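Below is one structure, written out as structure tokens; comments come after it.
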Amino acid sequence: MSQSNSHGVEETITSLRARGLRITPQRRAILQEILNAKGHISPPTVARAVQARMPGVNASTVYRTLTMLEDLGYVSHSHHEAGAEYHRAGEGDHVHLICARCGSQDALSSEEERALARLIGRHRRFHPDLTHFAISGTCDACQQQNGSR
Ligand SMILES: [Zn+2]
Ligand SMILES: [Zn+2]
Ligand SMILES: [Zn+2]
């Protein structure tokens with residue numbers, strides 16, 4: 001999907017340098033956290049991990065770097081229960097289903113996603129971006145625990 005999808009940290013750094021960006025140790029640490037994360041990672045989690053390795057790095061530096069990496073197409077964000085979450089570019093193209101009680105995450109299949117987009121499209125030809133915001137709800141396990149159906 002994306003040109004940077006299968007690239008590791010070193011390839012990404014080479015590509016950023018080729019675009020004229022200076023790779024500071026902070027930027028390298030931020031890239032390592034986000035590109036090695038499994039699934040999503042929130043900006044505060046990136047900031048905490050980088051600060052654990054490099055005390056003195058400002059959270060705002062981390063957030064600015066995430067925005068820069070997103071503008072350049074290396075990462076993307078979507079909105080979940082607790083705020084924005086980042087993935088590598090090309091890995092965020094799915095409809096997130098997030099349980100508001102236990103935080104468990106799931107995603108629609110591409111057929112389900114297309115069916116949902118078609119359904120919404122019947123409403124005045126509205127074209128939804130289903131991947132940008134997660135769908136909040138209650139997972140099956142939590143419904144059974146609480147006996148609320
Ligand atoms: Zn957004
Ligand atoms: Zn995702
Ligand atoms: Zn749940």
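Every number for a ligand or one of its atoms is a count from 1 in the order of the listing. Bear in mind the structure is a predicted one, so any value in this text is a computation, not a measurement.
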Problem set entry | Angle at the Zn ion (ligand 3) (to 10°), with one arm to SG of Cys139 and the other to SG of Cys142 | 110°
Problem set entry | Arg101 side chain to Gln145 side chain, donor-acceptor N/O pair below 3.5 angstrom | no
Seminar exercise, completed: Looking only at heavy atoms, the pair that brings Thr131 and Val95 closest together is CG2-N, 4.4 Å
Exercise. Considering only N, O or S atoms, which atom of His96 is nearest to the Zn ion (ligand 2)?
Worked result: NE2
Exercise. Does His77 have its ring centroid less than 6.0 Å away from the ring centroid of His132?
Worked result: yes
Problem set entry | Of the N, O or S atoms in His77, the one nearest the Zn ion (ligand 1) | NE2
For this session: If you have a sec, read the angle at the Zn ion (ligand 3) from Cys102 atom SG over to Cys99 atom SG, to 10 degrees.
Result: 110°
Exercise. In His132, which N, O or S atom comes closest to the Zn ion (ligand 1)?
Worked result: NE2
For this session: Using the test salt bridge (charged side-chain N to carboxylate O under 4.0 Å, His left out), find all partners of Arg27 that sit at least two apart in sequence or belong to another chain.
Result: none
Exercise. Should the ring pair His96 and His80 be called parallel, tilted or perpendicular, given that the plane angle runs from 0 to 90° and is split at 30 and 60?
Worked result: tilted
